[in-house]
Protein chains: 2
Amino acid sequence: MPATKKKLEDRAAVIKALGHPSRLLIAESLMKGEMCVCDLKDLVGADMSTVSKHLTLMREAGVLNCEKRGLNIYYSLACDCLGDFLRCVDRLACGGKKTTCC
Amino acid sequence: MPATKKKLEDRAAVIKALGHPSRLLIAESLMKGEMCVCDLKDLVGADMSTVSKHLTLMREAGVLNCEKRGLNIYYSLACDCLGDFLRCVDRLACGGKKTTCC
DNA sequence: CATCTATTTGGCGAAATAGCCAAATAAAGC
DNA sequence: GCTTTATTTGGCTATTTCGCCAAATAGATG
C-alpha cells in the first residue's frame, strides 16, 4: 500500500530535521559521541537559543535523544544508521548537479 | 577535518530535496522504476507546475536523473542507495517523538 | 506551418522556517 | 533563600518555501 499521508509527513519531518547545514553539522558531530548544548553552540557558532531550537526540532522528529546530568543536557543520536544515511547523501551530493535535463 | 560550509550546504540540499511529503512520495515511487511528469502529477495530486518544480529541485540537488523520450520526460533515481536511506528514516520515524527531555 | 501535448518558467500571496534578543525556568552551590 | 549556570520559550522580523495560475517553450504530428 502507498504510505499514508501521516506516515509521509512523519518521515519527511525526520529528513527535514537533518536538512539544514547547522543540524547536519550537529548530527555529524554527535556520531562521535554525545555533546551538551553549550558545546554544540560553540561548534555551530550561533546563538544558544537558535541551537536549542534546532535540537528541539531534531528531538521531536525522533533523530536525537537527550539526558540531563547536572546542569547540562547531553544530546545524542537516536540511531546509529545515520552513518549509512550520510554516506548515501555524500554519494548523491558528489554526483554533482544536473543543471539541465536533456 | 570538519566539513566545509559549502559541503554542508550541498549535503543539506540533497537531504532537503527528500524532506517534503510530496518529494518523498515521488522518490519512493521511483524506486520501482522511472516515471514521467504526468504520472507523477497523478500520483502526488498537485498541479503539474508544482510537481515540475519539485522535480527540478530534486534534479538540481543530484537526487534525480531525467531523460526525454518522445513528448515525455522520464525521471529516475540517481542512486540506488536511497533504499537504505529510507529504511533508516523509517526506523527513526517509528521511534516516536520524545516530546519532553528528561 | 499550425496545432496539440508535455513540461517548464515567472509571478504572486500565503505559510513555514531561521535567527536574534529578552525573559522564563530549572537545578546547583553557597 | 539568593545567585549562578545551562537551557528553553516567547516574540519579533526577515527570508525561504509552497502551490496555484497564466504564459512560455519544445517537440511531435498533421
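So you know, we letter chains A, B, ... as the sequences are listed, proteins then strands, and number each from 1. Source: prediction; values computed, not measured.
- Between the P atom of C:dT5 and the CG atom of B:Asp39 lies a distance of 17 Å, rounded to the nearest Å.
- For B:Asp90, the salt bridge (Lys or Arg N to Asp or Glu O under 4.0 Å) partners are A:Arg11, not counting sequence neighbours.
- Applying the salt bridge (Lys or Arg N to Asp or Glu O under 4.0 Å) definition to pairs two or more places apart or across chains, those involving residues 72-83 of chain B are A:Arg91-B:Asp80.
- Residue pairs meeting the salt bridge (Lys or Arg N to Asp or Glu O under 4.0 Å) criterion with at least one member in residues 39-52 of chain B, sequence neighbours excluded, do not occur.
- In this entry the distance linking CE of A:Met58 with C1' of D:dT7 reads 17 Å, nearest Å.
- When rounded to the nearest whole Å, the span between CG of B:Asp42 and P of C:dT5 equals 16 Å.
- B:Leu77 meets the side-chain contact (heavy atoms from CB on, under 4.5 Å) test with B:Ala27, B:Leu30, B:Met31, B:Leu64, B:Leu82; sequence neighbours excluded.
- Under the side-chain contact (heavy atoms from CB on, under 4.5 Å) criterion, A:Leu43 pairs with A:Leu25, A:Ser29, A:Leu40, sequence neighbours left out.
- Residue B:Tyr75 places at least one side-chain N or O closer than 4.0 Å to OP1 or OP2 of C:dT8.
- One atom, OH of A:Tyr74, and another, P of D:dT8, lie 13 Å apart when rounded to the nearest Å.
- Atom NZ in B:Lys68 sits roughly 8 Å away from atom P in C:dT7 (whole-Å rounding).
- In this structure, the CZ atom of B:Arg59 is 12 Å from the C1' atom of C:dT9, given to the nearest Å.
- Every residue two or more places apart in sequence or in another chain that forms a side-chain contact (heavy atoms from CB on, under 4.5 Å) with B:Ser76 is listed here: B:Glu34, B:Asn65.
- The CG atom of A:Leu55 sits 9 Å away from the P atom of D:dT7 (whole-angstrom rounding).
- In this structure, the NZ atom of A:Lys41 is 14 Å from the C1' atom of C:dG19, given to the nearest Å.
- Looking at residues two or more places apart in sequence or on another chain, you find a side-chain hydrogen bond (donor to acceptor under 3.5 Å, both in side chains) between B:His54 and B:Arg23.
- The pair B:Lys7-B:Asp10 fails the salt-bridge criterion, with no side-chain N (NZ, NE, NH1 or NH2) lying under 4.0 Å from an Asp/Glu carboxylate O.
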Contact state string [nucleotides 13-20 of chain D, B base, S sugar-phosphate only, - no protein heavy atom under 4.0 Å]: ----SSSB

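- Here B:Tyr75 contributes atom OH and B:Cys66 contributes atom SG; the two are 4.5 Å apart, rounded to the nearest 0.5 Å.
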Enumerate all atom pairs, one protein N or O and one N or O from nucleotides 2-6 of chain D, separated by less than 3.5 Å.
| from | atom 1 | to | atom 2 | distance (Å) |
| --- | --- | --- | --- | --- |
| D:dA6 | O3' | A:Leu71 | O | 3.4 |
| D:dA6 | O3' | A:Asn72 | OD1 | 3.0 |

